[in-house]
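A quick write-up on the structure given underneath.
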Amino acid sequence: MRFIQAKGVKKAAGILAAAVIFGVSCGTAYSAPTSEEQAVLDKYAEYIDTHKAYDFGYPANHDIHLTEFYKWYLDSHSYRAMVNNAGDPFEIHEGGHLNALKFERAVIDFFGPHYGFDLNNLWGIVTFSGTDGNSHGIYFGSKYLEKKTQKKPVMYVSDAAHYSNMRLADVQNIDLVLVPSDEHGRMIPEELESRLVPDRPALMVYAMGTTFKGGVDDMDALNAVLAKYPDIEVYRHVDAALFGGYLPYTQYKDAVNRKVHPFDSIAVSGHKFFGMDEPAGIFLTTMEVKQNQNPYNVTYLDGSMPMINCSRSALSPLKLLWIIRKYGDKGFTEQAQGMLERAAWLKAKLDEMGWQAWLEPMSNTVYFKRPPKAIVEKYDLAPDFDARLGGELSHIVVMQHVKLDKLQDFLNDLSAQK
Ligand SMILES: *Cc1c(COP(=O)(O)O)cnc(C)c1O
């Protein structure tokens, strides 16, 4: 598709004349998309608008309210500059390049205490995604352990955890032990114990809400196993992409509080619970972990650059801060409660219907015997398979936009096909 098209000669001549009059140098002139191109774009926009209400299978929040942000962004002309958060939001220098680091820092400072970090021992960044957050957790964890022990760690993660963790172990060349999970999607403590490598440090990745079943690793039970081997140095990273967003706003808030269940770093998505309109996330850790990294002092950025990426989005922190200010803890609490209530309602309705379904504690993800293909397609339901639960499964992730009337439509479709 061509979006950029040179203007006609006549128009270009006019612009040239105008440029001469206003004393500016003349660059290439550009135009908006052609009418055919515009039609393709409009069709795309219409498709998004009509389908989002029934997008049940993946953990995105389509209840997005960034209209006022975009209005400010346009009106203030902020959109006319390429602002870049290359740099450390905890080491901001006056007069540096154009950045939004102080807003990024405000986002990290807002979220830190929700996961039990004290503001005087917190470091973090706004990431590009949940995967990017896990990438930092795994990288920081392995470098921290190597520095402490002079040995390469072994990474342990359950086979129900998000695949990004396995991919990242591969990318970062870290020895990986995949620990079997139970039928609820939780790492089995005895299986971890039988696989522990005694003379190497352990990089634990705990899944806080497995992708399909919404299982949560029992950190206390797994930590009890690790405590039996005091010679094994341990780093704990929590992959809480989806659940980490809403759990602080529920009765289960202690599950993601490192003061209650110790961990060293956590990754949370920005576009799952928090309603960002593009992939983003947060990565949080302690100053101690940050100070035990390969710093790579970069003179032209005037500081150490422990994070993996150089250029990072300045727009994501601005949007996240806008969202935080708009809803605050009160708004997030209402949204989190609503999601869990509707998930429980859906599970109860499926039970009433006699359609096999499961809902883990703390979870907004109802999983159930897979419906016929037409329903799977209409609601974009992700597939899974577990012989222990009768075979083919699907799930619905009850996000903010998954409303009761839409869930009722799904139930009606299901009972009609039963
Ligand atoms: C979604 C998810 C990820 C991946 O996050 P992206 O933002 O898609 O990269 C990782 N872990 C869990 C538990 C997730 O739910």
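Basis for what follows: all heavy atoms, side chains included, without hydrogens, waters or symmetry-related copies. Start at 1 and go down the list; that is how both ligands and their atoms are numbered.
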Task: For atom 4 (C) of ligand 1, the protein heavy atom that lies nearest, with its residue and separation - done: His162 CE1, 3.4 Å
- [ ] State the atoms of ligand 1, each with its element, that fall below the 4.0 Å cut-off from a heavy-atom position in Ser269.
- [x] 7 (O)
Open item on the list: Using a 3.5 Å cut-off on N or O atoms only, is Asp132 in polar contact with ligand 1?
Closed with: no
TODO: Can you sort out which atoms of ligand 1 are near His271, meaning under 4.0 Å from one of its heavy atoms?
DONE: 7 (O)
- [ ] Describe, in one word, how the ring planes of Phe273 and Tyr249 are oriented to each other, choosing from parallel (under 30°), tilted (30 to 60°) and perpendicular (over 60°).
- [x] parallel
TODO: Write out the residue and atom name of the closest protein heavy atom to atom 5 (O) of ligand 1, then the distance separating them to 0.1 Å.
DONE: Gly130 CA, 3.4 Å
Open item on the list: Does either side chain, that of Tyr144 or that of Lys148, offer a donor lying less than 3.5 Å from an acceptor on the other one?
Closed with: yes
Open item on the list: Within the 4.0 Å heavy-atom shell around Gly209, which atoms of ligand 1 are there?
Closed with: 13 (C)
Task: Mutual orientation of the aromatic rings belonging to His395 and Phe212 [parallel < 30°, tilted 30-60°, perpendicular > 60°] - done: parallel
Open item on the list: Within the 4.0 Å heavy-atom shell around Asp239, which atoms of ligand 1 are there?
Closed with: 10 (C), 11 (N), 12 (C), 13 (C)
- [ ] Identify the heavy atoms of Leu359 and Lys347 that sit nearest to each other, and give their distance.
- [x] N-CE, 3.8 Å
Open item on the list: Has Arg258 got a side-chain atom pairing as donor or acceptor with Tyr115's backbone, closer than 3.5 angstrom?
Closed with: no
Task: Proximity to ligand 1 by part of Met208, non-hydrogen separation under 4.0 Å - done: neither
Open item on the list: Classify the ring geometry of Phe140 against Trp123: parallel below 30°, tilted from 30° to 60°, perpendicular beyond 60°.
Closed with: parallel
Task: ring pair (Phe, Tyr, Trp, His ring centres under 6.0 Å) partners of residues 180-202, not counting sequence neighbours, each pair once - done: none
- [ ] Report yes if Lys272 has an N/O atom closer than 3.5 Å to an N/O atom of ligand 1; otherwise report no.
- [x] yes
Task: N or O pair under 3.5 Å between Ala241 and ligand 1 - done: no
- [ ] Indicate yes or no: does an N/O atom of Thr131 lie under 3.5 Å from an N/O atom of ligand 1?
- [x] yes
TODO: Please say whether the positively charged group of Lys378, taken as NZ for Lys or CZ for Arg, lies over the ring of Tyr54, i.e. under 6.0 angstrom from the six-membered ring centre and within 45 degrees of the axis.
DONE: yes
